[in-house]
Amino acid sequence: MVLANTVSFMLLCACLVFSKPTLRKDRVYHEPELSPRPTDEDNGSHKYDHEAFLGKEDAKTFDQLTPEESKERLGKIVERIDGDNDGYVSLIELKNWIKRVQKRYVYENVAKVWADYDANKDNQITWEEYKQATYGYYLSNPEEFDQTTEQFSFKKMLPRDERRFKSANLDGDLSATREEFTAFLHPEDFEHMKDIVVLETLEDIDKNGDGFVDEDEYIEDMFTHEDGVPEPDWVKTEREQFSDFRDINKDGKMDREEIRRWILPQDYDHALAEARHLLYESDLDKDQMLTKEEVLENWNLFVGSQATNYGEDLIRRHDEL
């Protein structure tokens with residue numbers, strides 16, 4: 001544990017030393033997107049559906065299964081998608097599943113670090129467990145950080161992490177499930193965490209503490225000025241972007257809503273469009289919901305098999321999704 005905390009401290013110090021970038025910084029969150037849907041309705045379109053519903057790697061796995069095996073696994077997936085266990089898959093449940101598939105890398109990253117924080121192995125991570133794993137060395141040895149930049153940063157980061165942890169912990173018990181801990185580590189991927197993302201961005205950039213981001217603060221976050229060195233062309237372009245597009249109400253600064261529009265842009269929702277397509281094609285009784293039977297009736301729209309293989313090689317095989 002001491003070694004882990006020492007490594008964390010060294011990494012933090014490195015981040016502090018190089019905290020001001022000389023290259024352009026991009027704070028805008030780019031959500032993983034599905035590629036454009038093929039215009040044809042042959043195998044190319046079905047391949048798109050399979051990859052959207054399963055992810056590319058698992059779509060390849062299904063292509064190696066018999067039709068019976070594919071349908072059996074699909075049935076288990078439908079049960080997982082039905083979050084409220086009412087026997088129906090709604091449009092929102094289907095959309096959320098597709099989004100989760102596209103963001104699988106986020107959950108894989110959390111799985112890799114889970115054991116580092118779950119000290120008592122109860123499949124929950126409490127705030128105390130996270131605090132000790134991350135800040136334990138500082139809390140036990142505050143004299144080593146006395147009157148240093150690191151001390152200030154630790155003092156700033158600890159309450160900030162606690163605030164974020166509480167926001168991610170929806171039931172308020174300060175014990176995070178895997179989903180809640182994922183929201184804590186990757187708040188930009190969760191709707192209920194986006195206010196925290198905006199607030200933290202504001203706190204990072206708002207150097208004069210007035211609760212807004214003015215043009216100079218906006219630029220300073222991306223670029224460090226050097227005496228006698230002219231601004232690069234991209235900085236001039238960013239100043240124009242600030243006045244023309246970021247500062248929507250033209251008061252010379254960005255408020256929280258304008259910051260949200262900047263870092264969390266509302267783009268076309270490809271996952272929702274795909275969910276609507278799958279629902280429309282499979283909803284036999286047109287009640288805007290899917291039963292397991294309806295999905296299995298149209299199973300080859302959702303998954304492939306040896307019978308619908310498009311000739312792709314199997315790269316990775318999973319026992320379970």
Side-chain angles (χ1 to χ4, degrees), residues 24-39 48-49 51-56 81 83-84 89-107 109-110 160 163-164 166-170 179-206 211-215 217-219 221-222 234 237-280 288:
R24 184 174 185 172
K25 180 192 296 183
D26 187 5
R27 284 190 177 270
V28 179
Y29 171 60
H30 302 283
E31 182 171 331
E33 289 186 354
L34 299 170
S35 57
R37 166 174 283 281
T39 55
Y48 177 93
D49 293 327
E51 292 183 356
F53 186 72
L54 297 168
K56 288 186 178 181
I81 299 174
D84 57 9
V89 172
S90 67
L91 175 66
I92 298 303
E93 286 174 329
L94 190 53
K95 181 198 75 170
N96 290 342
W97 169 264
I98 293 171
K99 281 184 175 290
R100 183 185 178 95
V101 167
Q102 300 308 310
K103 295 174 182 175
R104 184 168 293 176
Y105 72 93
V106 170
Y107 294 93
N109 289 341
V110 171
R160 176 163 157 161
R163 179 182 65 192
R164 188 197 283 193
K166 289 178 178 179
S167 295
N169 184 225
L170 294 175
E179 187 76 2
E180 290 171 332
F181 195 63
T182 302
F184 169 67
L185 292 182
H186 299 274
E188 66 281 351
D189 287 303
F190 292 81
E191 191 63 37
H192 70 280
M193 295 295 290
K194 290 186 176 179
D195 285 343
I196 284 290
V197 176
V198 172
L199 177 58
E200 291 180 358
T201 302
L202 174 62
E203 291 172 344
D204 286 343
I205 305 177
D206 177 24
F212 298 92
V213 173
D214 60 36
E215 182 179 313
E217 290 169 332
Y218 174 77
I219 295 299
D221 181 58
M222 306 178 186
W234 70 262
T237 300
E238 281 297 340
R239 290 192 181 278
E240 294 173 358
Q241 288 284 318
F242 183 91
S243 60
D244 293 343
F245 301 106
R246 310 284 185 242
D247 179 21
I248 297 173
N249 61 8
K250 307 305 177 187
D251 64 353
K253 55 194 176 185
M254 285 194 291
D255 58 26
R256 293 193 188 190
E257 181 55 34
E258 289 167 325
I259 292 172
R260 176 187 287 267
R261 289 171 178 262
W262 164 42
I263 64 173
L264 300 170
Q266 296 297 310
D267 297 323
Y268 176 74
D269 195 333
H270 293 269
L272 178 59
E274 175 64 11
R276 284 172 172 162
H277 164 70
L278 294 174
L279 180 65
Y280 176 80
Q288 301 301 306

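Please read these numbers as outputs of a predicted model, since none were measured by experiment.
- The line from CZ of Arg27 to CG of Leu264 is 12.0 Å long, rounded to the nearest 0.5 Å.
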When you look at Glu180 and Lys166, which way does the salt bridge (Lys or Arg N to Asp or Glu O under 4.0 Å) test go after all the steps? CA-CA 10 Å; Glu180 290 171 332; Lys166 289 178 178 179; over 6 Å; no
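- Taking the six-membered ring where the residue is Trp, the centroids of Trp262 and Tyr218 are separated by under 6.0 Å.
- Here the CD-CZ distance, from Glu203 to Arg160, works out to 5.5 Å after rounding to the nearest 0.5 Å.
- Scanning all heavy atoms of the two residues, the minimum distance from Phe53 to Leu94 falls at CE1-CD1, 3.9 Å.
- With Glu258 contributing its side chain and Asp255 its backbone, the two residues share a donor-acceptor pair below 3.5 Å.
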After noting the C-alpha distance and the side-chain angles of Asp214 and Lys253, does the key distance pass the salt bridge (Lys or Arg N to Asp or Glu O under 4.0 Å) rule? CA-CA 4 Å; Asp214 60 36; Lys253 55 194 176 185; over 6 Å; no
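- Glu188 has its side chain out of reach of Lys194: every pair of non-hydrogen atoms, C-beta onward, lies at least 4.5 Å apart.
- Side-chain contact between Glu179 and Arg100 is present, with at least one heavy-atom pair separated by less than 4.5 Å.
- The heavy-atom pair separating Ile98 from Leu278 by the smallest distance is CD1-CD1, 4.2 Å.
- For the atom pair NE2 of His186 and CZ of Phe190, the computed distance is 8.5 Å after rounding to the nearest 0.5 Å.
- In this structure, the side chain of Asp247 engages the main chain of Asp251 through a donor-acceptor pair within 3.5 Å.
- Using a 4.5 Å heavy-atom threshold, the side chains of Phe212 and Asp206 count as separate.
- Applying the 6.0 Å contact sphere to CZ of Arg276 captures no more than 12 heavy atoms from other residues, nucleotides or ligands.
- Judged by distance alone, the side chain of Lys99 and the main-chain N or O of Leu272 form no donor-acceptor pair under 3.5 Å.
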Begin from the C-alpha positions of Glu200 and Arg164 and carry the test salt bridge (Lys or Arg N to Asp or Glu O under 4.0 Å) through to its verdict. CA-CA 9 Å; Glu200 291 180 358; Arg164 188 197 283 193; 2.6 Å; yes
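- The heavy-atom pair separating Met193 from Ala183 by the smallest distance is CE-O, 3.7 Å.
- In this structure, Arg256 places its CZ atom where only 12 or fewer heavy-atom neighbours from other residues, nucleotides or ligands lie under 6.0 Å away.
- In terms of heavy atoms, Glu274 sits closest to Ala52 at CG-CB, 3.7 Å.
- Distance check, rounded to the nearest 0.5 Å: CG of Leu91 to CD of Glu93 gives 10.0 Å.
- Here the straight-line distance linking atom CD of Glu217 with atom CG of Leu202 works out to 8.5 Å at 0.5 Å rounding.
- Atom-to-atom distance recorded for Arg239:CZ and Glu215:CD is 5.0 Å, nearest 0.5 angstrom.
- Nearest heavy atom pair, residue Ile263 against residue Val198, reads CD1-CA, 4.2 Å.
- Lys95 contributes no side-chain N or O that, together with a main-chain N or O of Ser90, makes up a donor-acceptor pair within less than 3.5 Å.
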